[in-house]
Amino acid sequence: MNDNVKIKIKDHIAVVSLSRPDKMNALDIQMFNNLISIAGIIDNDVSIRCVVIHGEGKSFCAGMDLSNFMDTDPDSPINQPLINRTHGIANIWQKAVYIWKELQVPVIAAVHGVAIGGGLQLMLAADVKYVAPDTKLSIMEMKYGLIPDMAGTQLMRHTVREDVIRELTYTNRMFSGVEAVDFGFATHVSDNPFDAAYKLATTIAEKSPDAIVKAKKLLNAAPYLSQSQGLVLESEFQQQLLKSKNQMEAVFAAMQKRKGQFDDRINEL
């Protein structure tokens, strides 16, 4: 695996780093493959309870590396029909982003510098997003005569007003980290997004990992369910958690005013 995407695991937290700082972490084909591979590693490592994703250097991610479009290899993903569903419901470009939404454990994005085009869409896949106030963000695709197609339209529609999405898509204008929170693209403004994200990850990692996994799965499903289906799923998941070893440990830890000593999470893949 090329080291343009790195992973470091400590204290049940996986830190995923976009590592092409000389290119402002612009996404090339290797990075798309590596994002998918590393997400798979995380999903299968039951010791991991939370993820922080960030960019090394001056930026989070400057979107698609335009050199991708110069690839003349007929077998390259860039030269394959986009409609082909090569990764479940997605193509490779969509999967590299949407897989972080699908991940069993929460993902927290720490965003600074720029997050444009594909970088913005990758940020959107996180459960919680901390963004520096002077970050420059944009739905950039219209500048190149394109549309956002890395799962962004399926992600931002749940948190951002439709008219705001339309304006920013049609114009590809830049907006700030402060505006990103106001619009619903991001969760919190922070002068130090990585430290804030890691602090939250530490808090999440101290909770029952089974309950965290069930909560994310339930919240991911909720927008697509009828009321009756949603209520049934709540009950189903709660029944699975009640009186389980980690659930009882959470109760005892709360009563004894101590940190819980939890077993690794159940892998639901």
Side-chain angles (χ1 to χ4, degrees), residues 7-17 38-54 98-111 122-131 155 158-159 181 184 186-190 192-269:
I7 180 171
K8 182 178 180 180
I9 302 168
K10 182 181 179 181
D11 298 330
H12 303 291
I13 298 169
V15 174
V16 176
S17 306
I38 286 177
I41 290 169
I42 292 169
D43 242 355
N44 282 291
D45 187 338
V46 294
S47 73
I48 296 173
R49 301 178 184 176
C50 197
V51 177
V52 174
I53 187 167
H54 75 116
Y98 203 72
I99 197 169
W100 302 95
K101 177 76 171 181
E102 296 176 318
L103 214 64
Q104 294 179 78
V105 297
V107 178
I108 306 167
V111 181
L122 181 60
M123 179 196 84
L124 287 166
D127 296 77
V128 180
K129 304 96 169 169
Y130 287 91
V131 59
L155 294 167
H158 296 297
T159 58
V181 173
T187 315
H188 301 290
V189 173
S190 174
N192 194 325
F194 181 84
D195 286 356
Y198 199 88
K199 182 178 180 181
L200 179 61
T202 300
T203 298
I204 293 171
E206 293 175 349
K207 308 299 182 184
S208 167
D210 294 338
I212 291 291
V213 166
K214 290 294 188 187
K216 177 165 181 176
K217 191 172 184 179
L218 181 64
L219 294 171
N220 277 357
Y224 304 99
L225 302 175
S226 67
Q227 290 178 326
S228 61
Q229 290 171 324
L231 293 175
V232 168
L233 195 61
E234 279 185 9
S235 300
E236 178 184 329
F237 286 178
Q238 194 78 305
Q239 190 71 61
Q240 293 169 5
L241 292 169
L242 280 169
K243 299 183 181 179
S244 65
K245 185 175 180 181
N246 277 344
Q247 194 266 320
M248 296 305 296
E249 170 60 14
V251 172
F252 293 142
M255 292 174 62
Q256 297 166 12
K257 295 181 171 57
R258 60 172 175 81
K259 290 185 178 180
Q261 302 297 315
F262 298 110
D263 289 347
D264 288 340
R265 60 182 171 84
I266 297 170
N267 191 339
E268 299 197 353
L269 290 179

Under 6.0 Å from the CD atom of Gln239, do we count more than 12 heavy atoms belonging to anything else shown?
no
Salt bridge present between Lys214 and Glu236 (N-O < 4.0 angstrom):
no
After noting the C-alpha distance and the side-chain angles of Asn220 and Glu102, does the key distance pass the side-chain contact (heavy atoms from CB on, under 4.5 Å) rule?
CA-CA 8 Å; Asn220 277 357; Glu102 296 176 318; 5.8 Å; no
Is it the case that atom CD in Gln256 sees more than 12 heavy atoms from other parts of the structure closer than 6.0 Å?
yes
Rounded at 0.5 Å granularity, tell me how far NZ in Lys129 sits from OG1 in Thr159.
5.5 Å
Of Asp43, Asp210, Asp127, which is the lone residue that meets salt bridge (Lys or Arg N to Asp or Glu O under 4.0 Å) with Lys216?
Asp127
Nearest 0.5 Å, what's the NE2-CG distance between His12 and Asp264?
6.5 Å
Asn246 side chain reached by Pro209 side chain, heavy atoms, under 4.5 Å:
yes
Kindly indicate whether the side chain of Val181, heavy atoms from C-beta on, has any atom under 4.5 Å from the side chain of Val131.
yes
Between CD1 of Ile7 and CD1 of Ile42, what distance do you get to the nearest 0.5 Å?
4.0 Å
Pick one: which of Lys207, Lys243, Arg258 meets salt bridge (Lys or Arg N to Asp or Glu O under 4.0 Å) with Glu249?
Arg258
Find the distance between CZ (Phe262) and NZ (Lys245) and round it off to the nearest 0.5 Å.
11.5 Å
Run Ser226 and Gln229 through side-chain hydrogen bond (donor to acceptor under 3.5 Å, both in side chains) and show every step you take.
CA-CA 5 Å; Ser226 67; Gln229 290 171 324; 3.2 Å; yes
At what distance, to the nearest 0.5 angstrom, does CG of Asp263 lie from OG of Ser47?
12.5 Å
Heavy atoms, side chains only, cut-off 4.5 Å: are Val15 and His54 in contact?
yes
With a 4.5 Å limit on heavy-atom distance, are the side chains of Trp100 and Ile38 in contact?
yes
Would Asn192 and Ser190 count as a side-chain hydrogen bond (donor to acceptor under 3.5 Å, both in side chains) here? Give the steps.
CA-CA 5 Å; Asn192 194 325; Ser190 174; 5.9 Å; no
Closest heavy-atom pair and its distance - Ala110, Ala197:
CB-CB, 4.0 Å
Does the side chain of Val105 come within less than 4.5 Å of Ile212's, by heavy atoms?
no
Between Ala221 and Leu225, what is the shortest heavy-atom contact and its length?
O-CG, 3.3 Å
Would a distance-only check, ignoring hydrogens and angles, find a side-chain to backbone donor-acceptor pair under 3.5 Å from Asp45 to Ile41?
no
Answer yes or no: are there more than 12 heavy-atom neighbours, outside Leu219 itself, under 6.0 Å from its atom CG?
yes
Tell me, do Leu155 and Tyr98 make a side-chain contact under 4.5 Å, heavy atoms counted?
yes
Dump the intermediate steps for side-chain contact (heavy atoms from CB on, under 4.5 Å) on Val107 and Val16, then the final yes or no.
CA-CA 10 Å; Val107 178; Val16 176; over 6 Å; no
Heavy atoms, side chains only, cut-off 4.5 Å: are Glu234 and Leu218 in contact?
yes
Spacing of Arg265 atom CZ and Ile48 atom CD1 [to the nearest 0.5 Å]:
7.0 Å
In terms of heavy-atom contacts, Gln104 and Ile266 come closest through OE1-O, 3.9 Å
